[in-house]
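Have a look at the structure below before the remarks.
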Amino acid sequence: MMTVTSGLRRAAAQNHSMAAVRSYGKELTYGEVWDRGVRVANGLRALGLQPGDRLATLEDNCLESSDLIFGAAIANVARVPLYRKNSGEAHRKMIMQTGCKALFVSTEALPEIEGIDLEGVQIVLRDEGYEDWLAKQSNEDPQTLVDPDDIFVIRHSSGTTGTPKGAVLTHQAWVDAGRDIFYMVPPVNLGDRCLLTGPISHGSGYLLWPVWMKGGCAVVESHDPERTIDLFCNEDIAYYFGVPIMIEGLVQHAGEKGSCTFPALKAILIAGAPMFTNLALKAHEVFGDVLYQWYGQTEVAMGSCMGPKEWFSEVPGSEPLRSVGRIAPFCEVEARDENNQPVPVGESGEIAVRCDGRMRELWGQPEMTAERLIDGLGAHGRHRLHRRQWLSLPGRSSRRHDHFRRI
């Protein structure tokens, strides 16, 4: 079965000379990205990291961001991406709680960790000496074995119900999440450009793997509404991900551009917060039938989704403009009561989702994991299945990784 690593290896071989990453006019081909990833993987080995170890990363979107995504995957090291808007103490807790052996940090982000206790954690600074360090590493693919159930990334939640929790996402879950998201949008064609201005360490990162698998190019920059609209107009952007507040800025600056059109644009994917009616209508007026909304969380990529034909249509008995869409094709969603029983249509309850692209566990919190993963192995303290096993639940037809998860 495919892993993120095997998919990236194949994409690099098939699209060797094509653009894989572009940022502020600079570009890396698939071959260059793979070569740099292999060097990072061997560099991680030289630092003493073994398969299954954790690696923290702290950086903004940049051309070199793909180094760590490819490198950690090739080395079978689990990434623990940190969000730059968090405090130094939050960084420390996430690093230490997940037992990271090393931290890669950009020069710009270095002040955020200065003065915090990271004893036992090796720190690699991406400064002017980074390229020299990279060049010294071997460019021979280590051919590390990677299982679909191995950890690809540990992403921390926003902490809306307490302190942030580390959601463990396996290679299989990440592959499935990419499939689920891109099943709903027009297909990626060879060379299509996907603009990512939200942190690729978080929500935007879900788009990278599906785009690379089809030979597309990730345009990776920091968020600036005016520049983003310029890129839409001049760089043939086909895909974009944003949260509603980012979309609001784009709508405003697109209006100021006046005659700007977006002939290459296929899909703007929106998630992360409610999309209110007025903003949705304005965005639809500016960009046309390219708006796709999905609902999920850190722990489960997608529960429901909606494309423009439904979102901006009239549906008897429903208000699409105030909806997060229908249940996604590869998901099951229910509203449940305090006894964990489905509630009748029209009544409110806690949302439960069952899908493949969801977390395996909350890192280091077995009791909380058992509370969140229910109607399945989580209730018995087990959170891992062999990739060929199927999970059968009484009265339901269920697949591997098919637990209901509360969100």
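- Within the 4.5 Å cutoff, no side-chain heavy atoms of Val40 are placed close to those of Phe70.
- In this structure, Ser23 contributes its side chain and Cys62 its backbone to no donor-acceptor pair below 3.5 Å.
- More than 12 heavy atoms of other residues, nucleotides or ligands shown are found within 6.0 angstrom of CD on Glu89.
- Put simply, the side chain of Phe276 does not reach to within 4.5 Å of the side chain of Glu248, judged on heavy atoms.
- Using a 3.5 Å distance cut-off with no hydrogens or angles, the side chains of Arg45 and Ser138 do not pair a donor with an acceptor.
- Smallest separation of non-hydrogen atoms from Cys194 and Val211: CB-CG2, 3.8 Å.
- Atom NZ of Lys93 sits in a sparse spot, with 12 or fewer heavy atoms from other residues, nucleotides or ligands closer than 6.0 Å.
- Nearest heavy-atom pair, Gly303 versus Val353, reported as atom, atom and distance to 0.1 Å: CA-CG1, 4.2 Å.
- Between Phe262 and Phe287, the ring planes are tilted. Angles from 30° to 60° get that label.
- A donor-acceptor contact shorter than 3.5 Å links the side chain of Arg39 to the backbone of Ala135.
- Between Ile181 and Met302, the shortest heavy-atom contact is CA-CE, 3.6 Å.
- The closest donor-acceptor contact from the side chain of Asn339 to the backbone of Gln341 lies at 3.5 Å or more, if one exists at all.
- Rounded to the nearest 0.5 angstrom, Ile113 CD1 and Ser87 OG are separated by 13.0 Å.
- Phe241 has its ring centre less than 6.0 Å from the ring centre of Trp294.
- Other residues, nucleotides and ligands contribute more than 12 heavy atoms inside 6.0 Å of the CG atom of Leu47.
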Next item on the list: Begin from the C-alpha positions of His156 and Gln97 and carry the test side-chain contact (heavy atoms from CB on, under 4.5 Å) through to its verdict.
Entry: CA-CA 11 Å; His156 283 82; Gln97 190 262 343; 3.8 Å; yes
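- The two atoms that bring Leu118 and Met96 nearest to each other are CD2-SD, 4.1 Å, heavy atoms only.
- In summary, Glu350 and Arg336 do not engage in a salt bridge, as defined by a charged side-chain N under 4.0 Å from a carboxylate O.
- The shortest side-chain heavy-atom distance between Val220 and Leu63 does not fall under the 4.5 Å cut-off.
- Listed for the Asp141 side chain is no donor-acceptor partner under 3.5 Å among the backbone atoms of Val38.
- Phe152 has its ring centre no less than 6.0 Å from the ring centre of Trp209.
- Once rounded to the nearest 0.5 Å, the distance linking CG of Leu265 with OH of Tyr240 reads 11.0 Å.
- Side chain of Asn61 to backbone of Gly198: a donor-acceptor contact under 3.5 angstrom is found.
- Rounding to the nearest 0.5 Å gives a distance of 12.5 Å between CE of Met359 and CD1 of Ile154.
- At distances below 3.5 Å, not a single donor-acceptor pair connects side-chain atoms of Ser323 with backbone N or O atoms of Glu319.
- Side chain of Arg79 to main chain of Val77: no donor-acceptor pair is present (N/O by atom type, distance under 3.5 Å, no hydrogens or angles).
- Contact of the Val175 side chain with the Val4 side chain is registered, since non-hydrogen atoms from C-beta on lie closer than 4.5 Å.
- At a threshold of 4.5 Å between non-hydrogen side-chain atoms, the residues Leu82 and Ile95 count as touching.
- Distance check, rounded to the nearest 0.5 Å: CE of Met275 to CH2 of Trp311 gives 4.5 Å.
- Taking the six-membered ring where the residue is Trp, Tyr83 and His202 present tilted rings, their angle falling between 30° and 60°.
- Within 6.0 Å of CZ in Arg84 there are more than 12 heavy atoms belonging to other residues, nucleotides or ligands.
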Notebook entry, point to check: When you look at Lys266 and Asp192, which way does the salt bridge (charged side-chain N to carboxylate O under 4.0 Å, His left out) test go after all the steps?
Noted result: CA-CA 10 Å; Lys266 296 181 180 181; Asp192 275 350; 2.6 Å; yes
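- Heavy-atom contacts from other residues, nucleotides or ligands closer than 6.0 Å to CD of Glu367 number 12 or fewer.
- Within the 3.5 Å criterion, the main-chain N or O of Met2 finds no donor-acceptor partner in the side chain of Ser6.
- The environment of Tyr183 atom OH is sparse: at most 12 non-hydrogen atoms of other residues, nucleotides or ligands sit within 6.0 angstrom.
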Margin query: The test is salt bridge (charged side-chain N to carboxylate O under 4.0 Å, His left out); show your working for Lys309 and Asp289 and say whether it passes.
Written below: CA-CA 7 Å; Lys309 296 300 183 182; Asp289 281 341; 3.2 Å; yes
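- Between Pro308 and Tyr292 the shortest side-chain heavy-atom distance falls below 4.5 Å.
- Contact of the Ser157 side chain with the Glu299 side chain is registered, since non-hydrogen atoms from C-beta on lie closer than 4.5 Å.
- For Gln14, the CD atom sits in a packed shell: over 12 heavy atoms of surrounding residues, nucleotides or ligands are nearer than 6.0 Å.
- Using a 4.0 Å cut-off between a side-chain N of Lys or Arg and a carboxylate O of Asp or Glu, Glu64 and Lys26 do not qualify as a salt bridge.
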Next item on the list: Before giving the answer on side-chain contact (heavy atoms from CB on, under 4.5 Å), spell out for Arg358 and Leu373 the whole-Å C-alpha distance, their side-chain angles and the decisive distance to 0.1 Å.
Entry: CA-CA 10 Å; Arg358 58 101 179 130; Leu373 294 176; 4.1 Å; yes
Next item on the list: Could you please spell out the steps behind the side-chain contact (heavy atoms from CB on, under 4.5 Å) verdict for Thr5 and His171?
Entry: CA-CA 8 Å; Thr5 310; His171 279 254; 3.3 Å; yes
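- A donor-acceptor contact shorter than 3.5 Å is absent between the side chain of Gln365 and the backbone of Lys165.
- Remark: Leu58 CG to Arg126 CZ distance equals 10.5 Å, nearest 0.5 Å.
- Side chain of Thr369 to main chain of Leu362: a donor-acceptor pair is present (N/O by atom type, distance under 3.5 Å, no hydrogens or angles).
- Put simply, the side chain of Pro366 does not reach to within 4.5 Å of the side chain of Glu361, judged on heavy atoms.
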Next item on the list: List the steps and the verdict of salt bridge (charged side-chain N to carboxylate O under 4.0 Å, His left out) for Arg193 and Asp236.
Entry: CA-CA 7 Å; Arg193 292 183 176 181; Asp236 293 330; over 6 Å; no
Check: Passes side-chain contact (heavy atoms from CB on, under 4.5 Å), Tyr295 versus Ile351? Steps please.
Finding: CA-CA 11 Å; Tyr295 168 75; Ile351 298 173; 3.6 Å; yes
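- The distance from atom CG of Leu44 to atom CZ of Phe104, rounded to the nearest 0.5 Å, is 5.0 Å.
- The nearest pair of heavy atoms linking Val33 to Ala20 is CG2-CB, 4.0 Å.
- Closest approach of Asn15 and Leu190 over heavy atoms only: OD1-CD1, 3.6 Å.
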